[in-house]
Amino acid sequence: MSKQDEKLLVDNFPVYAQLTPLLKAKCDKRIVWFRSRKKFLFYGKVEKKEELRLLLSASCILMTLGLRKYKMTRSLLRIVVYPSKYYSRLNRRHHLGEYNPHFKMVIFSADTIWEGFRISDDNVNLALHEFAHALSFEMIRKSSWEARKFKVGLKKIKELFLREGYAQKLADSKYFREYGMTNLQEFFSVAVENYAETPHIFKSDFPELYEIIQKMLGFDFQVLPKDH
């Protein structure tokens, strides 16, 4: 990790600057691994490829910093980046980003990635959203202690939705993007965006849901653990 790398991370991830020395060392080591071991494919005239490679790596690593197993070898092998909105031949639609579990691949549009980082507290971050899908796919197919804890969290979120009036409370608040109400997986990915970008509001307005996601990820974007 160069000084230039660190500056880019500090500028785009407020939580990175708050990491304790031990957590930062752990984070940096994982980012270096991810950036070198995952296959990045750039199509078209994508600018600032190395910066995008770093930001995407950091997005996935910060989201999984509280997990022992972070490599997502079952769910994520390739990361594809287009300059802007692209046409998906798989479902014959234009996309800004998507996760394809069959090919273990996430696909992004570069301009939407940059837009997600330009405004750090609007709860819209394409990188986090698609990596959250990959994480769900990884955890659902594993039987480790972490995976079981994650699946318990998904079950609890589903129970919250079924609780009388709760789904309406979520909709009325307009805190979560409407797209998150599509299904449980989409809601988890949308909630991760909120969890990372506006943790104080999330914890204040939806403490029960916040605690569930905190346990699923093992990392609190608001209250950072101290080094031991």
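By convention here, the first residue in the shown sequence is residue 1.
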By side chain to side chain donor-acceptor pair (under 3.5 Å) - contacts of Thr198 (at least two apart): Asn123, Tyr175
Would you indicate whether the side-chain heavy atoms of Met63 and Phe219 approach each other to under 4.5 Å? no
Contacts of Ser189 that satisfy side chain to side chain contact (heavy atoms under 4.5 Å, CB included) - sequence neighbours left out: His129, Ala132, His133
Will you find, in the side chains of Tyr16 and Asp28, an N or O donor that is under 3.5 Å from an N or O acceptor? yes
What are the two closest heavy atoms between Asn125 and Gly116, and how far apart are they? ND2-O, 3.9 Å
What do the steps show when you test Val80 against Met105 for side-chain contact (heavy atoms from CB on, under 4.5 Å), and what is the final call? CA-CA 7 Å; Val80 176; Met105 176 171 65; 3.6 Å; yes
Test Phe131 against Phe108 for ring pair (Phe, Tyr, Trp, His ring centres under 6.0 Å), laying out the working first. CA-CA 11 Å; Phe131 284 133; Phe108 297 109; 5.5 Å; yes
Hey, any chance Ile119 and Trp114 share a hydrophobic cluster, counting ILVMFWY side chains that come within less than 4.5 Å of each other, even indirectly? no
Heavy atoms from other residues, nucleotides or ligands near NZ of Lys142 exceed 12 (cutoff 6.0 Å): yes
Taking Tyr179 as the starting point, is it possible to reach Leu184 by hopping between hydrophobic residues whose side chains are less than 4.5 Å apart? no
Considering all heavy atoms of both residues, which atom of Leu135 and which atom of Leu67 are nearest to each other, and what is their separation? CD1-CD1, 3.9 Å
Locate the shortest heavy-atom distance separating Thr112 from Ser109; write the atom from each residue and the value. OG1-OG, 2.7 Å
Can you check whether Leu76 reaches Glu138 side chain to side chain, under 4.5 Å on heavy atoms? no
Heavy-atom neighbours of Tyr43 OH exceed 12 at 6.0 Å: no
One pair to check against side-chain contact (heavy atoms from CB on, under 4.5 Å): Ile157 and Met216. What are the steps and the verdict? CA-CA 11 Å; Ile157 293 173; Met216 291 170 76; 4.0 Å; yes
So, Glu193 and Arg177, do they make that salt bridge, N to O below 4.0 Å? yes
Please tell me if the side chains of Thr64 and Phe34 come closer than 4.5 Å, counting only heavy atoms from C-beta onward. no
Around Arg37, counting heavy atoms of other residues, nucleotides and ligands shown, do more than 12 lie under 6.0 Å from its CZ? no
Determine whether Cys27 and Ile61 satisfy the following criterion, side-chain contact (heavy atoms from CB on, under 4.5 Å), listing intermediate values before the conclusion. CA-CA 7 Å; Cys27 183; Ile61 291 305; 4.2 Å; yes
In this structure, would Val106 and Trp33 fall into the same cluster of hydrophobic residues linked by side-chain contacts under 4.5 Å? yes
Looking at Arg141 and Arg74, would you say the former's side chain and the latter's main chain have a donor-acceptor pair under 3.5 Å? no
Would you say Ser144's side chain and Ala147's backbone share a donor-acceptor pair under 3.5 angstrom? yes
With a 4.5 Å heavy-atom cut-off, do Asn194 and Ile213 have their side chains touching? no
Please answer whether the main-chain N or O of Leu55 pairs with a side-chain N or O of Ser59 as donor and acceptor at a distance below 3.5 Å. yes
Could you note down all residue pairs passing side chain to side chain donor-acceptor pair (under 3.5 Å) where residues 4-13 supplies at least one of them, sequence neighbours left out? Ser2-Asp5, Asp5-Arg35, Glu6-Lys24, Lys7-Asp11
Check against side-chain contact (heavy atoms from CB on, under 4.5 Å), Phe187 and Leu160: CA-CA 12 Å; Phe187 182 76; Leu160 278 182; over 6 Å; no
When every non-hydrogen atom of Pro207 is compared with those of Ser204, the smallest separation belongs to CD-O, 3.9 Å
Lys26 side, atom NZ; Leu65 side, atom CG - distance, nearest 0.5 Å: 5.0 Å
Roughly how far apart are Glu130 CD and Cys60 SG, rounded to 0.5 Å? 12.0 Å
Ring centers of Phe202, Phe221 separated by less than 6.0 Å: no
What pairs with Phe117 under ring pair (Phe, Tyr, Trp, His ring centres under 6.0 Å), at least two apart in sequence or on another chain? Phe13
Quick one: do the Tyr210 and Asp220 side chains pair a donor with an acceptor below 3.5 Å? yes
Closest heavy-atom pair and its distance - Tyr99, Ser75: OH-O, 2.7 Å
Sequence neighbours excluded, every pair satisfying side chain to side chain donor-acceptor pair (under 3.5 Å) that has a member inside residues 151-164: Arg163-Glu208
Are Lys38 and Leu56 close enough that some pair of their side-chain heavy atoms sits under 4.5 Å apart? no
Indicate every side-chain donor-acceptor pair of residues 44-52 with a distance under 3.5 Å to a residue at least two apart or in another chain.
from: Glu50; atom 1: OE1; to: Arg53; atom 2: NE; distance (Å): 3.4
from: Glu50; atom 1: OE2; to: Arg53; atom 2: NE; distance (Å): 3.4
from: Glu50; atom 1: OE2; to: Arg53; atom 2: NH2; distance (Å): 3.3

Do Gln214 and Tyr195 have side-chain heavy atoms sitting under 4.5 Å apart? yes
Would you call Ile140 and Gln185 a side-chain contact if the rule is heavy atoms closer than 4.5 Å? yes
Rounded to the nearest 0.5 Å, what separates atom CZ in Phe188 from atom CD1 in Ile212? 11.5 Å
Test of understanding: clusters of I, L, V, M, F, W, Y form through side-chain heavy atoms closer than 4.5 Å, transitively. Do Leu77 and Ile31 belong to the same one? no
Please test Glu146 against Lys149 for salt bridge (charged side-chain N to carboxylate O under 4.0 Å, His left out), starting from the C-alpha separation and ending with a verdict. CA-CA 5 Å; Glu146 283 185 334; Lys149 187 172 66 168; 5.9 Å; no
Give a yes or no on whether Leu217 and Val152 share a hydrophobic cluster (residues Ile, Leu, Val, Met, Phe, Trp, Tyr; joining criterion: side-chain heavy atoms under 4.5 Å apart). no
To the nearest 0.5 Å, how far apart are NZ in Lys104 and CZ in Arg78? 9.5 Å
Which atom pair, heavy atoms only, marks the closest approach of Ser84 to Asp111? CB-OD2, 3.2 Å
